[in-house]
Amino acid sequence: MKTYTPMIQQYLKVKAEVPDAFLFFRLGDFYEMFFDDALNASRELEITLTARDGGVEEKIPMCGVPHHAAAGYIEQLIDKGFKVAICEQTEDPKQAKGVVKREIVQMITPGTVMDSRSLEEKENHYLASVTGFDDDTYCVAHLDLSTGESKVAMIATREEAIHEVVMLQAREVVLASDVAPAVEKMLRERGIHSISMMDDCHVIDSFAHLVMELKQTKLQTTMARLLHYAHKTQKRSLDHLQKTTSYHVDSFLRMDPNSKRNLELTETIRGNGKKGSLVWLLDETMTAMGARLMRRWIDRPLIDREQIEGRLTLVEVFMDRYFERQTLREGLKGVYDLERLAGRVAFGNVNARDLVQLKKSLQQIPLIQQTLSEMEASEMVTEASKLDPCEDIADLLEAAIIEQPPLAIKEGNFIKDRFNEELDQYRDASRNGKSWIAELEQKEREKTGIRSLKIGYNRVFGYYIEVTKANLHVLAEGTYERRQTLTNAERFITPELKEKETLILQADERSTELEYELFQILRETVKKEIPRLQKLAHEISKLDVLQCFATVSENRHYVKPTFNEERFVNIKDGRHPVVEKVMDAQEYVPNDCHMDNDCEMLLITGPNMSGKSTYMRQVALTSVLAQIGCFVPAAKASLPIFDRIFTRIGAADDLVSGQSTFMVEMLEAQHALAHATQNSLVLFDEIGRGTSTYDGMALAQAIIEHVHDRIGAKTLFSTHYHELVGLSDELAKLVNVHVSAVEQNGHVVFLHKIKEGPADKSYGIHVAKLADLPTSLIDRANELLIGFESGNKKVESEVKEPVDTLGQLSLFGESTPKKSKKPDRMKREMVALNVLELTPLEAMNELYRLQKLAQTLTESK
Ligand code: ADP
């Protein structure tokens with residue numbers, strides 16, 4: 001029986017280590033893939049599939065990508081959620097006996113990419129892990145390998161653990177095989193498909209210092225699992241990893257993923273784009289680090305009053321000092337992504353340009369410090385003192401690297417003159433040699449009288465004297481040794497030229513090597529200072545977010561909120577921050593919201609499209625903004641500090657998980673009812689809409705009663721079930737409000753103004769009319785409506801005959817007799833009346849006449 005060739009056998013052995021990744025197997029200048037990997041990669045990457053002999057009868061499918069272009073292909077695979085294992089030759093082919101040794105040097109996975117092309121600048125890129133314990137508690141750890149930040153938390157239930165992972169937008173989740181099946185299913189249902197297994201969770205020595213301070217072993221185990229995975233995949237220094245901190249999910253304002261989605265905090269519901277979200281509105285940060293921190297703040301608003309007020313105070317200082325703020329913004333603009341630069345230094349993939357960026361960033365710090373001090377506010381002086389400009393690093397890099405270095409670090413030409421004596425010597429030799437060559441060229445021209453004679457250089461032949469064929473006869477015999485023949489010229493070398501060439505090339509080669517050595521020393525020196533750089537990055541990002549809040553608050557006329565312990569909501573002239581920005585500030589109708597201990601719940605009625613959802617969301621967003629430490633879109637705002645916010649929208653389609661819409665609606669409602677406390681804010685938008693009218697209404701009422709009687713959370717409940725407005729008679733703390741609309745010329749005009757009391761009408765049919773539904777259909781709906789409103793729930797089905805242009809309108813709530821044209825006369829008579837022109841007496845007469853007419857029509861039926 002034939003067997004595979006030694007190379008294919010080697011491939012299969014390595015591949016067995018990484019069954020779930022594409023194996024990029026280095027062969028010469030290519031990374032090759034074989035077997036199924038080749039079939040799949042050729043499809044995913046649209047590259048040509050070929051085949052090669054592998055020692056057995058059938059050819060082996062193969063495809064490959066050039067080594068120098070691999071990064072782009074890897075990026076494509078990672079973006080699609082795949083993993084890639086890089087297998088390199090680990091010995092010199094010249095020394096190798098038999099097949100060259102090859103090993104996996106790195107695994108690139110969606111959660112561990114470090115290549116800046118795959119990293120979203122303004123987003124963290126988390127690798128998370130979930131561990132379940134015997135007592136049914138869970139731990140969630142997360143790590144951003146690009147910045148080195150890691151955190152871990154104990155979480156009470158599996159569902160909440162999943163929520164946490166979804167909220168982190170983890171790119172990849174590492175699980176132990178014992179929790180895997182159940183957790184994996186839930187994660188996949190929520191759109192997280194990149195899942196990896198790691199059962200080893202003992203603490204590796206080199207990472208011990210990162211997790212040592214975690215108090216509970218459960219936390220340590222979970223983080224250790226994650227670190228193990230990072231270690232196993234990256235196989236290199238991860239010195240930039242920062243100490244893992246533990247946190248409690250209850251120390252922040254909690255919002256489950258659906259609530260966040262409904263509030264459009266980081267992306268919009270439709271289109272999942274960033275534009276139109278709160279992050280989009282707020283993004284006035286000047287650095288990528290600031291943008292990422294702001295996102296994290298939005299994900300976790302505070303509940304500690306002192307901390308919130310601390311942030312607000314700083315925002316206020318920035319707000320009041322426009323000019324200094326502008327200078328600060330300019331300074332921040334010059335600060336590159338210190339966090340990720342530090343990560344790349346540790347990882348070993350920085351280049352000279354990165355180090356120049358680092359230097360330039362550090363050189364901005366003194367200016368930033370000075371600007372803060374000039375603000376003449378004690379808080380800012382404190383902030384300034386927290387900044388370490390790392391002058392030693394900045395000075396070192398300034399002395400070492402030229403301003404615009406090339407990308408490659410192995411080809412030299414980026415270290416400054418006078419940085420290193422030995423390097424200067426090589427350079428002198430090389431430069432002198434080069435000027436000597438220029439002189440030689442001149443000398444040869446004079447000697448031979450050939451003006452076109454030139455001295456050139458190429459990699460293969462080295463230095464040469466080039467003479468065109470026409471001038472060859474002039475050259476003296478003997479001294480010129482032929483090296484290369486071109487169509488029109490010959491190239492020669494002389495002993496003198498040869499000697500200098502050796503000198504120059506040696507000097508060039510040595511200086512390139514030395515530059516690389518010096519670069520590595522620089523990198524190691526910077527690497528030792530990573531903790532300082534990370535601390536600086538942290539302080540800078542905080543300042544950036546605070547100035548961003550001040551900038552947005554000033555531009556959009558926000559005010560500083562205050563907080564009260566009585567759980568009062570008092571918002572004067574509140575606005576929905578995003579809707580206001582998108583439409584024109586002039587057109588936005590501000591609304592108050594007042595809720596105290598006698599009003600825990602607002603029942604909001606009003607036509608569709610009048611602004612109920614917008615109003616409810618504006619209250620929630622105002623609270624979120626306040627609790628992240630930003631000013632709020634209102635003329636005045638006093639708020640409670642909410643512990644949780646729930647936002648529920650009736651009948652939201654959840655196609656991802658494939659659950660019935662009504663089931664989703666009820667599951668969401670259940671979650672809110674189970675977890676809301678008296679200190680929560682609950683928004684129910686048209687809940688109960690996903691089922692039949694009576695069912696829905698009954699459920700809506702039961703939910704209202706439950707929240708009112710048993711939870712007491714501040715609740716905004718919008719509904720189109722008018723029947724519910726009567727609840728205010730029974731529920732002491734429920735207050736009716738409505739969004740006003742007026743009817744003009746048969747059209748409804750939305751005023752978007754919240755007013756006391758219930759809405760008197762549902763304007764649904766008018767909205768349908770605005771949407772240009774056919775006139776006959778609108779008429780029929782009006783007819784049915786009158787029937788319903790008069791208590792006759794069963795209106796006869798529509799006549800099948802062609803209707804006249806005015807349709808068939810039942811006047812008295814009676815069903816319209818089929819095929820009878822008689823009531824049409826009645827209708828025409830009424831339509832013809834010009835009521836506004838009638839005197840009261842005439843009106844009485846008309847009414848009398850119409851009544852008579854109606855009687856005769858009914859009798860003659
Ligand atoms: P509903 O929930 O009552 O169906 P929405 O809250 O979805 O209505 O509002 C519909 C549209 O009305 C919004 O997209 C917005 O353009 C506009 N709108 C809502 N509130 C206001 C307001 N206060 N001022 C101006 N326009 C508003």
Side-chain angles (χ1 to χ4, degrees), residues 119-126 163-171 190-192 252-302 315 541 544-553 555-558 574-585 588 611-634 642 644-649 652-656 668 681 683 685:
L119 292 172
E120 187 68 45
E121 194 180 71
K122 295 186 171 184
E123 286 173 22
N124 275 106
H125 206 103
Y126 291 125
H163 277 175
E164 192 64 12
V165 175
V166 172
M167 193 212 75
L168 290 163
Q169 295 187 313
R171 310 295 160 120
R190 285 162 181 78
I192 297 180
F252 300 94
L253 164 61
R254 295 181 68 179
M255 293 176 276
D256 53 88
N258 280 328
S259 297
K260 288 191 157 162
R261 215 169 89 85
N262 291 337
L263 288 176
E264 306 192 307
L265 297 182
T266 51
E267 57 187 27
T268 56
I269 297 178
R270 275 185 211 175
N272 294 340
K274 202 167 136 188
K275 184 159 189 242
S277 67
L278 189 69
V279 168
W280 166 77
L281 168 96
L282 283 180
D283 197 1
E284 282 289 345
T285 53
M286 303 302 287
T287 67
M289 303 176 276
R292 290 198 295 270
L293 181 65
M294 182 183 71
R295 241 187 123 99
R296 295 204 292 275
W297 282 9
I298 291 180
D299 274 334
R300 294 190 207 283
L302 301 172
V315 171
S541 10
D544 192 15
V545 182
L546 294 169
Q547 74 73 24
C548 150
F549 286 173
T551 305
V552 176
S553 299
N555 292 347
R556 308 217 63 84
H557 309 287
Y558 293 177
R575 287 114 56 198
H576 185 299
V578 179
V579 176
E580 175 193 45
K581 175 167 173 171
V582 174
M583 66 197 307
D584 177 356
Y588 194 88
K612 299 187 294 298
S613 309
T614 310
Y615 177 68
M616 299 205 297
R617 282 179 175 72
Q618 94 185 23
V619 175
L621 288 174
T622 301
S623 293
V624 171
L625 282 170
Q627 289 183 231
I628 61 175
C630 183
F631 284 17
V632 298
F642 290 114
R644 284 174 169 249
I645 296 183
F646 297 90
T647 320
R648 294 294 175 255
I649 299 188
D653 278 309
D654 190 346
L655 297 175
V656 183
E668 289 196 6
L681 174 66
L683 311 184
D685 193 355

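Since the structure is predicted, the reported quantities are computational estimates derived from the model, not experimental observations. Residue numbers count from 1 along this sequence.
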Show, in sequence, the C-alpha distance, side-chain angles and deciding distance for S259 and D256, and conclude whether the side chain to side chain donor-acceptor pair (under 3.5 Å) test is met.
CA-CA 5 Å; S259 297; D256 53 88; 3.0 Å; yes
Should N124 and R296 be marked as a side chain to side chain donor-acceptor pair (under 3.5 Å) after you check the CA-CA gap, both sets of side-chain angles, and the distance that decides it?
CA-CA 9 Å; N124 275 106; R296 295 204 292 275; 2.6 Å; yes
So L625 and L282, side-chain contact (heavy atoms from CB on, under 4.5 Å) or not? Walk me through it.
CA-CA 10 Å; L625 282 170; L282 283 180; 3.9 Å; yes
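In terms of modelled atom types and a separation under 3.5 Å, the side chain of Q618 and the main chain of G574 share a donor-acceptor contact. The main-chain N or O of E284 is found under 3.5 Å from a side-chain atom of Q547 such that the two form a donor-acceptor pair.
In summary, of the residues considered (T266, V578, T268), a side-chain contact (heavy atoms from CB on, under 4.5 Å) with W280 occurs for V578 alone.
The residues E668 and R648 are annotated as salt-bridged, a charged nitrogen and a carboxylate oxygen being separated by less than 4.0 angstrom.
Contacts classified as side-chain hydrogen bond (donor to acceptor under 3.5 Å, both in side chains) and involving residues 621-634 (residues at least two apart or in different chains) are not found.
Residues satisfying the side chain to side chain donor-acceptor pair (under 3.5 Å) criterion with R292, sequence neighbours excluded, are D337, E339. Residues meeting the side chain to side chain contact (heavy atoms under 4.5 Å, CB included) test with S541, sequence neighbours left out: M289, L293. T285 is linked by a side chain to side chain donor-acceptor pair (under 3.5 Å) to D283, counting only residues two or more places apart in sequence or in another chain. When the side chain to side chain contact (heavy atoms under 4.5 Å, CB included) test is applied to A620, the partners found at least two apart in sequence or on another chain are L263, I645, L681, L683. For Y126, the ring-ring contact (aromatic ring centres under 6.0 Å, His included) partners two or more places apart in sequence, or in a different chain, are H142. Checked against salt bridge (Lys or Arg N to Asp or Glu O under 4.0 Å), E123 has the following partners two or more places apart in sequence or in another chain: R171, R295. Qualifying salt bridge (Lys or Arg N to Asp or Glu O under 4.0 Å) partners for E264, counting only residues two or more places apart in sequence or in other chains: none. Contacts of S613 classified as side chain to side chain donor-acceptor pair (under 3.5 Å), with partners at least two apart in sequence or in another chain: D685. The side chain to side chain donor-acceptor pair (under 3.5 Å) check on T287 picks up D544, with sequence neighbours excluded. Every residue two or more places apart in sequence or in another chain was checked for a ring-ring contact (aromatic ring centres under 6.0 Å, His included) with H125, and none qualifies.
Here the shortest heavy-atom pairing between L253 and F642 reads CD1-O, 3.4 Å. Y558 and P577 get closest at one heavy-atom pair: OH-CB, 3.5 Å. Looking at every heavy atom in both residues, F631 comes nearest to S553 through CB-OG, 3.2 Å. Nearest approach of G629 to V315, heavy atoms of both residues: O-CG2, 3.4 Å.
To the nearest 0.5 Å, atoms CG (N258) and CZ (R190) are separated by 8.0 Å. Summarising the geometry, atom CE belonging to M255 is positioned 7.5 Å from atom CG belonging to D299; distances are rounded to the nearest 0.5 Å. Here the CG atom belonging to L278 is positioned 8.5 Å from the NE2 atom belonging to H576, to the nearest 0.5 angstrom. Separation of atoms NE2 (H163) and CZ (R254) is listed at 9.5 Å; rounding is to 0.5 Å. In this structure, CH2 on W297 lies 6.0 Å from CZ on F549, to the nearest 0.5 angstrom.
Looking at L265 and L621, their side chains come closer than 4.5 Å, going by heavy atoms from C-beta outward. Side-chain contact check for R556 versus L281: some heavy-atom pair is nearer than 4.5 Å.
Note that R575 lies outside the cation-pi zone of Y588, set by a 6.0 Å cut-off to the ring centre and a 45° limit from the axis.
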